[in-house]
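Here's the structure, in structure tokens; my notes come after.
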Amino acid sequence: MAKWLMKSEPNKFSWDDLVAKGDVGEEWDGVRNYQARNFMRDMAIGDQVFFYHSNIGLEIVGIAEVSALAHPDSTTDDPRWECVDIRAVKPLPTPVTLKDVKATPELSQMALVTSMRLSVQPVTQEEWDLVCTMGGL
DNA sequence: GCCAACGTTGGC
DNA sequence: GCCAACGTTGGC
């Protein structure tokens, strides 16, 4: 099962907003970046996703999962853009901040650090496990 | 609010 | 196919 990380600006769509959606989840629309789209095409139902708050908070706040495979983005007529749906699984007891990630040598290769602007990115199993531990799971 | 990084667009 | 201009992202 692959692991991922997705970013959202909490003043637009926050972790709490995703939790409020329940099992229905939320269409991850609005991505207009080929690399990010390609990663979403690679996702499978049930893949685990870190939910990261950009701009405000700057921390990984919870775990979500893919609830629908990539499909056309309903917010555009442009057939190039596709997205998955995700739903909340559980919050991290202790959010892991960007500062924490940068201060951890084992996490220095995370795309969160190396590809700052990529909004959908893969996470290795090792990184996943470590962030979960740091987050109190 | 500013600005650096970086991806995309469009003229040539 | 190159590269300058432009727009967007996201940390600070």
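Side-chain atoms are counted along with the backbone in the values below, which use heavy atoms only and exclude waters and symmetry mates. Computed from a predicted structure; not experimentally measured. In what follows, every chain begins at residue 1, and chains take the letters A, B, ... in the order their sequences are listed.
The main-chain N or O of A:D73 is never found under 3.5 Å from a side-chain atom of A:E27 such that the two would form a donor-acceptor pair. Not a single donor-acceptor pair under 3.5 Å links the side chain of A:D42 to the backbone N or O of A:F39. Panel note: side chain A:T76, backbone A:D78; a donor-acceptor pair is recorded below 3.5 Å.
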query: What is the per-nucleotide protein-contact pattern of nucleotides 4-10 of chain C, from the 5' end, where B denotes a base atom under 4.0 Å from a protein heavy atom, S denotes such proximity for sugar-phosphate atoms only, and - denotes neither?
result: ---BBBB
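Listed by first and then second residue, the ring-ring contact (aromatic ring centres under 6.0 Å, His included) pairs involving residues 60-97 of chain A are A:Y34-A:W81 (not counting sequence neighbours).
At the heavy-atom level, A:K99 lies nowhere under 4.0 Å from the strands shown.
Between A:F51 and A:I63 the shortest side-chain heavy-atom distance does not fall below 4.5 Å.
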